Amino acid sequence: MEIILYLSVALIAIAFLVLVIYVAKTLNSLQETLSSVSTTLTGLEKQLDGVTKETTELLHKTNALADDIQEKSQNLNSVVSAVKNVGTTVNKFNGTLKTLTESFDIQVEENKEKISQIVQWGNVFLELKDKWMAKKQEKSANHVEEIKRVRSR
């Protein structure tokens, strides 16, 4: 009976030894995994610092660009205002021209007969001028012929 007791204790001791060996292997594996995770986290932390620096620089550049755009936008507002004033002036000028044209049309319509008479008198004057010029040329030609005739004698 005692031998069974010794064999049982020996079996328990062997089982405990096997358990300790597997627990030790598991703990070693866990230690390697944790070391790997620690290394990975260290690298990740360095990368995160780099990303943070780049993000900060990008944010500064974006703010500078936004300030530049705002300044240029304010400068452009004066140009837009000047162009708007030019457009207003052109519109007023067009309105004035339209009013003048309408006034001219009304006056032309009212004085249509007088204008017609002026045109007719102008045409008569031009015809008289043409006839006078023709007579003047005829006289000049006659005078030249007379001079030739006198010289030929």
Side-chain angles (χ1 to χ4, degrees), residues 2-141:
E2 273 184 32
I3 194 145
I4 294 177
L5 184 64
Y6 289 127
L7 284 176
S8 297
V9 170
L11 186 62
I12 290 173
I14 290 172
F16 185 74
L17 179 67
V18 169
L19 179 68
V20 168
I21 289 172
Y22 280 110
V23 167
K25 282 186 174 181
T26 302
L27 287 177
N28 277 339
S29 176
L30 182 64
Q31 184 180 9
E32 289 175 8
T33 303
L34 287 177
S35 293
S36 176
V37 167
S38 175
T39 304
T40 302
L41 284 178
T42 303
L44 194 63
E45 188 176 314
K46 288 178 183 176
Q47 288 179 355
L48 192 61
D49 284 342
V51 169
T52 302
K53 285 180 184 176
E54 288 180 10
T55 302
T56 304
E57 289 175 8
L58 185 62
L59 186 62
H60 288 301
K61 287 181 181 178
T62 302
N63 286 338
L65 187 61
D67 290 341
D68 187 40
I69 288 173
Q70 186 175 6
E71 181 182 330
K72 288 180 179 176
S73 175
Q74 288 176 350
N75 290 337
L76 192 60
N77 283 340
S78 63
V79 173
V80 168
S81 177
V83 169
K84 185 179 177 183
N85 289 338
V86 168
T88 303
T89 303
V90 168
N91 281 337
K92 286 180 181 177
F93 182 69
N94 283 339
T96 303
L97 281 178
K98 185 177 178 182
T99 304
L100 283 175
T101 303
E102 290 172 356
S103 173
F104 181 73
D105 286 343
I106 290 170
Q107 288 182 356
V108 166
E109 194 64 36
E110 288 175 359
N111 299 321
K112 197 174 184 178
E113 288 185 25
K114 291 179 182 177
I115 291 172
S116 174
Q117 287 177 353
I118 289 172
V119 170
Q120 287 176 353
W121 281 108
N123 287 337
V124 168
F125 177 74
L126 289 176
E127 286 178 16
L128 287 175
K129 180 186 165 198
D130 290 341
K131 286 181 181 178
W132 183 71
M133 293 295 283
K135 280 187 177 182
K136 189 176 178 181
Q137 286 179 353
E138 187 178 318
K139 278 185 181 179
S140 174

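Along the sequence shown, the residues carry numbers beginning at 1. What you are looking at is a predicted structure, and each value in this text was computed from that prediction instead of being measured.
- Judged by distance alone, the side chain of Thr88 and the main-chain N or O of Lys84 form a donor-acceptor pair under 3.5 Å.
- The structure places CD1 of Ile3 at 10.5 Å from OG of Ser8, a figure rounded to the nearest 0.5 Å.
- Results of the side chain to side chain contact (heavy atoms under 4.5 Å, CB included) test with Ile21 over Leu17, Leu19, Val23, Val18 single out Leu17 as the only residue that passes.
- More than 12 heavy atoms of other residues, nucleotides or ligands lie within 6.0 Å of CG in Leu44, so this atom counts as buried by the packing criterion.
- With rounding to the nearest 0.5 Å, the separation of CH2 in Trp121 from CG in Leu126 is 13.5 Å.
- Within the model, atoms CG of Leu34 and OG1 of Thr39 stand 10.5 Å from one another, a figure rounded to the nearest 0.5 Å.
- A side-chain donor-acceptor contact under 3.5 Å links Thr40 to the backbone of Ser36.
- Annotation: side chain of Lys112 is in contact with side chain of Glu109 (closest heavy-atom distance under 4.5 Å).
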Derivation of the side chain to side chain contact (heavy atoms under 4.5 Å, CB included) call for Leu41 and Glu45: CA-CA 6 Å; Leu41 284 178; Glu45 188 176 314; over 6 Å; no
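- Two residues are said to be in side-chain contact when any heavy atoms from C-beta on lie closer than 4.5 Å; Asn94 and Lys98 fail this criterion.
- When atom types are taken as modelled, the side chain of Ser29 and the backbone of Lys25 share no donor-acceptor pair closer than 3.5 angstrom.
- Counting only residues at least two apart or in different chains, side chain to side chain donor-acceptor pair (under 3.5 Å) contacts with residues 49-69 comprise Asp68-Lys72.
- In Glu102, the CD atom is crowded: over 12 heavy atoms of neighbouring residues, nucleotides or ligands sit closer than 6.0 Å.
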